[in-house]
2 protein chains.
Amino acid sequence: MTGAVTSDTYATTEAKLEAALNEARLGFGEGGVPVGAALFAADGALLGRGRNRRVQDDDPSVHGETDAFRNAGRQRDYRSTTLVTTLSPCWYCAGLIRQFRIGTVIIGEARHFDGQHEWLAEAGVAVTVLDDERCFDLMTRFIARYPEIWNEDIGEL
Amino acid sequence: MTGAVTSDTYATTEAKLEAALNEARLGFGEGGVPVGAALFAADGALLGRGRNRRVQDDDPSVHGETDAFRNAGRQRDYRSTTLVTTLSPCWYCAGLIRQFRIGTVIIGEARHFDGQHEWLAEAGVAVTVLDDERCFDLMTRFIARYPEIWNEDIGEL
């Protein structure tokens with residue numbers, strides 16, 4: 001109640017992106033698809049963070065966004081939450097955002113995957129694209145090294 | 001190579017639905033949201049089956065469809081696969097279907113949740129709704145008993 005920022009509170013967009021980017025970097029180090037995400041409450045409290053685990057867990061259902069959502073546990077209402085993801089969400093993750101009415105989505109970059117921003121906005125989601133070079137560079141390095149895994153992850157042949 | 005139907009092959013729509021419905025029944029018995037699903041190869045081989053695990057695992061990311069998808073492991077191509085689900089897919093699961101280009105979706109019932117059939121069809125998915133009374137009755141019983149869990153599962157307040 002002092003108003004102090006605790007270590008679990010991410011007040012700025014930059015701090016929120018850093019949390020997601022750190023997950024992406026961890027994934028890259030594990031040889032996985034380097035997409036990270038984090039879900040925050042309205043006051044900036046971290047609810048959950050996660051990363052793509054296709055390679056690490058041999059699990060195609062775990063994208064960065066779905067992992068952050070899972071790790072946030074059961075929430076009653078997502079309207080006031082903010083989901084930060086290092087890469088623009090695919091249809092699977094956009095569907096998650098829309099179904100659970102996550103209010104705000106902040107996207108690190110949308111050059112490697114240009115997701116459903118308009119579709120989300122039409123459903124009432126506030127969408128911001130940062131075009132962050134660090135997010136872009138991490139994906140560039142991964143896709144150059146493992147193009148077939150990247151294509152598998154987004155259902156492209 | 002004898003043409004015999006093995007125990008892992010589900011040749012008919014009825015047999016496929018039964019596999020999904022059995023998952024839903026298991027979920028009901030566990031006190032969970034009774035939605036089950038199964039993913040099949042073109043020849044009817046079962047690739048994976050699963051059920052909603054919100055209650056059982058306290059995991060909001062596991063719907064019937066995403067669990068079956070997960071349990072099928074990493075597949076190169078989903079176009080020739082058939083996903084059977086006891087209940088019409090929500091946006092989250094519809095997004096999964098669309099992103100990974102699952103070719104065929106068979107839906108047990110769409111009265112308790114009327115999902116994105118047209119949206120999926122426009123994306124090239126072959127959608128069939130069976131309006132199966134057993135699927136409908138199972139959901140009816142669950143929703144009457146735990147309406148708040150059902151609303152939580154689909155992001156309704």
Side-chain angles (χ1 to χ4, degrees), chain A residues 32-33 37 39 47-48 50 52-81 88-103 113 115-116 119-120 123-125 148-149 151-157, chain B residues 32-33 37 39 47-48 50 52-81 88-103 113 115-116 119-120 123-125 148-149 151-157:
Chain A
V33 180
L39 187 69
L47 298 172
N52 188 299
R53 295 184 175 278
R54 171 177 295 273
V55 172
Q56 297 93 316
D57 296 352
D58 255 339
D59 187 340
S61 77
V62 188
H63 278 193
E65 298 91 326
T66 66
D67 199 35
F69 180 82
R70 174 167 69 178
N71 291 333
R74 291 165 64 178
Q75 304 282 332
R76 281 300 298 168
D77 187 357
Y78 293 90
R79 277 171 240 232
S80 63
T81 66
S88 179
C90 74
W91 275 121
Y92 173 38
C93 298
L96 175 82
I97 292 162
R98 182 160 177 170
Q99 185 64 42
F100 291 97
R101 299 187 176 85
I102 292 172
F113 189 88
Q116 314 308 326
W119 186 79
L120 287 170
V125 182
E148 74 291 351
I149 296 177
N151 286 331
E152 179 190 320
D153 195 60
I154 54 172
E156 299 282 354
L157 288 176
Chain B
V33 180
L39 187 70
L47 298 172
N52 187 300
R53 296 185 175 278
R54 171 177 295 273
V55 172
Q56 296 94 316
D57 296 352
D58 254 341
D59 187 340
S61 77
V62 188
H63 278 193
E65 298 91 326
T66 66
D67 199 35
F69 180 81
R70 174 168 68 177
N71 291 333
R74 291 166 64 179
Q75 303 282 332
R76 282 298 300 168
D77 187 356
Y78 294 90
R79 276 170 239 232
S80 63
T81 66
S88 179
C90 74
W91 275 121
Y92 173 38
C93 298
L96 175 81
I97 292 161
R98 182 158 175 171
Q99 185 64 43
F100 291 97
R101 298 187 175 86
I102 291 171
F113 189 88
Q116 315 309 325
W119 186 79
L120 286 170
V125 182
E148 74 289 352
I149 296 177
N151 286 330
E152 179 190 320
D153 195 62
I154 54 172
E156 300 282 353
L157 289 174

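The chains referred to below are lettered A, B, ... by the order of the sequence lines, with proteins before strands, and numbering in each begins at 1.
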query = With chain B, which of A/G155, A/P60, A/S61 has the greatest number of heavy-atom pairs at distances under 4.5 Å?
reply = A/P60

task = Pick whichever of A/C93, A/C90, A/A94 has the most heavy-atom pairs under 4.5 Å with chain B.
result = A/C90

Which answer fits [X], side chain, backbone, both or neither, if we ask what part of it has an atom under 4.5 Å from a heavy atom of chain B?
X      : answer
A/R79  : side chain
A/D57  : neither
A/R74  : both
A/Q116 : neither

ask   = Is A/D153 close to A/H63 at the side-chain level, that is, under 4.5 Å between some pair of heavy atoms?
value =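 Sidechains of A/D153 and A/H63: in contact.
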
message = Within the structure provided, determine whether A/L120 and A/P89 are in side-chain contact (heavy-atom separation under 4.5 Å).
response =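 Yes, close enough: below the 4.5 Å cut-off.
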
remark   = Shortest non-hydrogen pair, A/D67 vs A/R53, comes out as OD2-NE, 3.1 Å

inquiry  = Under a 4.5 Å cutoff for heavy-atom pairs, which residue among B/V62, B/T66, B/D77, B/D58 has the most contacts with chain A?
reply    = B/D58

query = Taking the six-membered ring for Trp, are A/F100 and A/F69 parallel (under 30°), tilted (30 to 60°) or perpendicular (over 60°)?
reply =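 Aromatic pair A/F100/A/F69 classed tilted.
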
ask   = Passes side-chain contact (heavy atoms from CB on, under 4.5 Å), A/E65 versus A/Y92? Steps please.
value = CA-CA 9 Å; A/E65 298 91 326; A/Y92 173 38; over 6 Å; no

inquiry  = Between A/E152 and B/R76 (side chain of the first, backbone of the second, donor and acceptor by atom type, cut-off under 3.5 Å), is there such a pair?
reply    = no

